[in-house]
Amino acid sequence: MKVRKAVIPAAGLGTRFLPATKAMPKEMLPIVNKPTIQFIVEEAINSGIEDILIVTGRSKRPIENHFDANEELEAALEAKGKEELLATVKDLNKINLFFTRQSYPKGLGHAVLQAKNFVGNEPFVVMLGDDLMVDQIPLTKQLMNNYEQTHASTLAVMPVPKEETSKYGVIDPEREFSEGVYNVRRFVEKPQPEVAPSNLAIIGRYLLTPEIFSLLETQEPGAGNEIQLTDAIDRLNQIQRVFALEFNGKRYDVGNKFGYMQTIIEYGLTLPEMKKNLIQFIKETAQNL
Ligand code: UTP
């Protein structure tokens with residue numbers, strides 16, 4: 001079956017970015033001129049995803065408005081002849097977006113469970129707004145390609161420094177199934193470095209079969225007393241194969257403050273109108289330290 005649907009959980013509290021995230025989801029934090037969630041939505045569309053569900057918490061308005069028409073703004077841009085900006089703004093209204101609420105932030109697994117009716121009996125992808133992925137083939141598309149061959153759930157993983165395993169879900173790889181794709185013995189959420197089965201961490205892209213939902217419904221809270229998606233995936237792996245695909249592209253972790261700053265600087269350096277001035281500014285600033 002073709003993978004057509006994506007779920008973007010955006011109901012976390014975003015405590016690391018308070019007070020910015022008090023009244024705004026952290027997925028709306030901009031990377032220069034684009035909110036992070038727009039990068040995720042673009043990755044989905046560039047991968048061939050047709051319908052996207054965003055799971056929001058209390059402050060969903062800004063996300064909804066961002067992807068909705070804004071007649072006043074469109075008329076003003078048109079009157080000023082700002083065609084390029086007008087197209088940028090209008091393109092955002094064309095996407096098939098749906099919204100649902102997670103009433104309490106009980107964990108990522110619980111957020112994904114809110115997508116049960118939207119997804120139905122189809123394979124789907126989960127895309128976290130914390131992680132921006134850059135590669136020639138979008139990572140979501142890479143997972144979809146693996147699904148086409150195996151018809152199995154596939155998670156993206158990447159090596160992380162051993163001392164950071166407690167921030168991630170970590171896999172216990174069994175053997176290489178095909179180049180860069182692993183069979184997995186266990187999926188462990190937030191293991192301490194001493195007990196982590198490897199340094200291959202789950203990053204924010206998952207392709208899952210719909211059997212995950214019945215497992216999420218019975219999933220007990222795990223690490224941090226939250227309903228963890230990783231724990232349900234570990235149980236899924238006991239009834240059907242779940243693969244891990246190693247990502248070789250570039251990952252930007254925008255969920256923490258330093259990663260966010262790095263992302264903004266690197267993205268700024270890709271913008272032709274900014275590159276020269278930004279390099280000069282960085283050099284001068286570093287010299288004055
Ligand atoms: P994080 O734990 O990184 O996000 O969850 P957070 O809780 O918002 O951030 P901090 O740690 O307090 O700063 C990973 C992703 O899962 C979503 C978040 O929105 C984020 O995209 N999430 C997490 C939910 O949608 N619901 C939850 O209950 C928990």
Side-chain angles (χ1 to χ4, degrees), residues 6-31 35-44 52-64 66 97-116 118-119 124-133 139-140 155-158 160 164-170 187-191 201-206 208 212-213 216-217 219-233 251-263:
V7 176
I8 304 179
L13 293 176
T15 49
R16 282 169 289 178
F17 280 91
L18 280 170
T21 46
K22 185 171 172 236
M24 178 182 79
K26 74 172 168 193
E27 287 75 8
M28 283 302 293
L29 289 170
I31 308 300
T36 56
I37 196 163
Q38 191 177 328
F39 286 91
I40 309 294
V41 167
E42 286 172 356
E43 181 187 326
I52 301 171
L53 177 75
I54 300 180
V55 182
T56 58
R58 281 178 52 248
S59 44
K60 71 172 178 174
R61 239 343 105 67
I63 302 182
E64 260 183 349
H66 182 69
L97 277 185
F98 302 82
F99 292 87
T100 193
R101 282 277 183 113
Q102 181 190 19
S103 307
Y104 300 96
K106 289 189 196 170
L108 178 58
H110 183 256
V112 173
L113 182 56
Q114 310 311 308
K116 187 179 175 212
F118 166 80
V119 168
F124 67 106
V125 290
V126 174
M127 307 175 74
L128 301 191
D130 285 10
D131 276 338
L132 302 188
M133 312 293 190
L139 178 53
T140 296
L155 275 52
V157 297
M158 219 174 175
V160 295
E164 288 183 15
T165 55
S166 62
K167 294 184 191 162
Y168 296 92
V170 173
F187 296 85
V188 190
E189 184 61 26
K190 299 195 170 57
I202 303 170
I203 51 177
R205 301 291 182 274
Y206 310 69
L208 296 168
I212 195 72
F213 291 114
L216 284 171
E217 272 166 340
Q219 189 59 54
E220 296 290 331
N225 204 27
E226 293 191 343
I227 297 176
Q228 296 289 356
L229 182 60
T230 307
D231 295 345
I233 291 172
R251 165 176 175 256
Y252 294 95
D253 179 3
V254 290
N256 71 74
K257 280 182 267 190
F258 184 59
Y260 180 66
M261 283 304 300
Q262 286 173 307
T263 311

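Just so you know, ligand 1 is whichever comes first in the structure, and atom 1 is the first atom listed for that ligand. Heavy atoms only: backbone and side chains are in, while hydrogens, waters and symmetry mates are out. What you are looking at is a predicted structure, and each value in this text was computed from that prediction instead of being measured.
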May I ask you to decide if [Y]'s main-chain N or O and [X]'s side chain share a donor-acceptor pair within less than 3.5 Å?
X      : Y      : answer
Thr263 : Tyr252 : no
Thr56  : Thr100 : yes
Asp130 : Gly255 : no

Side chains of Ile233 and Tyr206, heavy atoms from C-beta outward: is any pair under 4.5 Å? yes

With side chains defined as the heavy atoms from C-beta onward, is the minimum distance between Ile54 and Ile63 less than 4.5 Å? yes

With a sphere of 6.0 Å drawn around NZ of Lys190, does it hold more than 12 non-hydrogen atoms of other residues, nucleotides or ligands? yes

Looking at Arg61, I'd like to know if its CZ atom is crowded, meaning that more than 12 non-hydrogen atoms belonging to other residues, nucleotides or ligands lie closer than 6.0 Å. no

Using non-hydrogen atoms of the residue, decide whether [X] is closer than 4.0 angstrom to ligand 1.
X      : answer
Val55  : no
Gly255 : no
His110 : no
Glu226 : no

Quick one: CG on Leu208 to CZ on Phe213, what's the gap to the nearest 0.5 Å? 8.0 Å

Check each atom of ligand 1 against the heavy atoms of [X] and keep those under 4.0 Å away; list them by number with element.
X      : result
Pro105 : 28 (O)
Gln102 : 24 (C), 25 (O), 26 (N), 27 (C), 28 (O)
Lys106 : 28 (O)

Quick check: [X] and ligand 1, any N/O pair under 3.5 Å apart?
X      : result
Ala111 : no
Phe17  : no
Gly14  : yes

Give me the residue, atom name and distance of the protein heavy atom closest to [atom].
atom                    : answer
atom 25 (O) of ligand 1 : Ala11 N, 2.9 Å
atom 28 (O) of ligand 1 : Gly107 N, 2.7 Å
atom 14 (C) of ligand 1 : Asp130 OD2, 3.9 Å
atom 21 (O) of ligand 1 : Glu27 OE2, 3.0 Å
atom 22 (N) of ligand 1 : Gly12 N, 3.6 Å
atom 9 (O) of ligand 1  : Lys26 NZ, 3.1 Å
atom 7 (O) of ligand 1  : Leu13 N, 3.7 Å
atom 2 (O) of ligand 1  : Arg16 NH2, 4.5 Å

To check you understand the geometry: which heavy-atom pair defines the closest contact between Pro62 and Ala23, and what is its length? CG-O, 4.4 Å

Donor-acceptor pair between Thr36 and Glu27 side chains, under 3.5 angstrom: no

Verify whether one side chain among His110 and Gln102 offers a donor that lies under 3.5 Å from an acceptor in the other. yes

